[in-house]
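All remarks here apply to the structure that follows.
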Amino acid sequence: MSVYEKLKALDITLSAPAAPVAAYVMYVQSGNLVFISGHIARKEDGSPWVGQLGKNIGVDEGKAAARGVAVALMGTLQEAVGGDLGRVKRIVKLTSLVNSTADFTEHHLVTNGASELLGEVFGDAGKHARAAFGVAQIPLGCCVEIDLVVEVADAA
């Protein structure tokens, strides 16, 4: 099953990335690696998914937010590879920042929302190295921010 067939089966529609709101670009390619800037969690209406794990957001909601971030990251990745996610050879590295209280310790479970979706969509190529850790705050008060490093095949 192709990446696009998997996305369709999961009822996921990818959107074009939003324009950056600060001094950065959404992605950079160096050789066969694509570095995708951090994407913050957003609700379905596009508003920031605000909250802090361990205070007013639980693990399941945080995991859903991380899954949503992965969908947005794939939209940006699709643009980075010229519209062909079939060029993805490997999701190399995922870094997850979880807005959390000092005593919250389940960042890894929150981050699984993104990691599991990437595995579902890309199969073995979606298995990646990662870091998941807590931070005192994320832009706009969002609960999760995630970035990616992806290996891609040369364009045909």
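For the numbers below, each heavy atom of this structure counts, side chains included, while hydrogens, waters and symmetry mates do not.
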Pairs satisfying salt bridge (charged side-chain N to carboxylate O under 4.0 Å, His left out), at least one member in [range], at least two apart:
range	answer
residues 70-79	none
residues 30-49	none
residues 134-143	none
residues 6-33	none

Using the side chain to side chain contact (heavy atoms under 4.5 Å, CB included) criterion, which residues pair with [X]? Sequence neighbours excluded.
X	value
P139	E145
K55	Q52, T101
S2	Y4, E5
V50	P48

- [ ] Return the set of residues passing side-chain hydrogen bond (donor to acceptor under 3.5 Å, both in side chains) with E151 (not counting sequence neighbours), or none when no residue passes.
- [x]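 Testing E151 for side-chain hydrogen bond (donor to acceptor under 3.5 Å, both in side chains), a comparison that skips the adjacent residues, returns none.
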Are [X] and [Y] side-chain neighbours, meaning at least one heavy-atom pair lies under 4.5 Å?
X	Y	value
T111	L94	yes
L33	V92	yes
V110	I57	no
Y27	V25	no

State the [atom1]-[atom2] distance between [X] and [Y], to the nearest 0.5 angstrom.
X	Y	atom1	atom2	result
Q29	I36	CD	CD1	10.5 Å
L53	S100	CG	OG	6.5 Å
M74	L148	CE	CG	9.0 Å

In terms of hydrophobic clustering (I, L, V, M, F, W, Y; side-chain heavy atoms under 4.5 Å; direct or indirect links), are [X] and [Y] co-clustered?
X	Y	answer
V149	L117	no
L109	L118	yes
L14	V121	yes
F122	I12	yes
L97	I91	no

TODO: Using the ring-ring contact (aromatic ring centres under 6.0 Å, His included) rule, collect all pairs that involve residues 29-86, keeping only residues at least two apart or in two chains.
DONE: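 The answer is none; no pair qualifies.
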TODO: May I have all residue pairs that pass ring-ring contact (aromatic ring centres under 6.0 Å, His included) and include part of residues 64-118, sequence neighbours excluded?
DONE: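 Listed once each, the pairs are F104-H107.
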Closest heavy-atom pair and its distance - [X], [Y]:
X	Y	value
A41	A65	CB-CB, 3.9 Å
V81	D84	CG2-O, 3.2 Å
V144	S96	CG1-OG, 4.2 Å

TODO: Decide side-chain contact (heavy atoms from CB on, under 4.5 Å) for I138 and I40; before the verdict, give the C-alpha distance in whole Å, the side-chain angles of both, and the deciding distance to 0.1 Å.
DONE: CA-CA 8 Å; I138 292 175; I40 57 173; 4.0 Å; yes
Open item on the list: Tell me whether N32 contacts the main-chain N or O of V152 through its side chain, where contact means a donor paired with an acceptor under 3.5 Å.
Closed with: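 Looks like yes, one N/O pair under 3.5 Å.
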- [ ] Decide yes or no on side-chain contact (heavy atoms from CB on, under 4.5 Å) for L85 and R87, but give the supporting numbers first.
- [x] CA-CA 5 Å; L85 287 175; R87 289 183 51 209; over 6 Å; no
Open item on the list: Tell me which one of T76, V69, V71, L77 satisfies side-chain contact (heavy atoms from CB on, under 4.5 Å) with L73.
Closed with: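 So the option named by the test is V69.
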Open item on the list: Under the side-chain hydrogen bond (donor to acceptor under 3.5 Å, both in side chains) definition, can you give me all pairs with a residue in residues 116-140, not counting sequence neighbours?
Closed with: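 Only K63-E116, N99-Q137, N112-R130, S115-H128, S115-R130, D124-K127 qualify under side-chain hydrogen bond (donor to acceptor under 3.5 Å, both in side chains).
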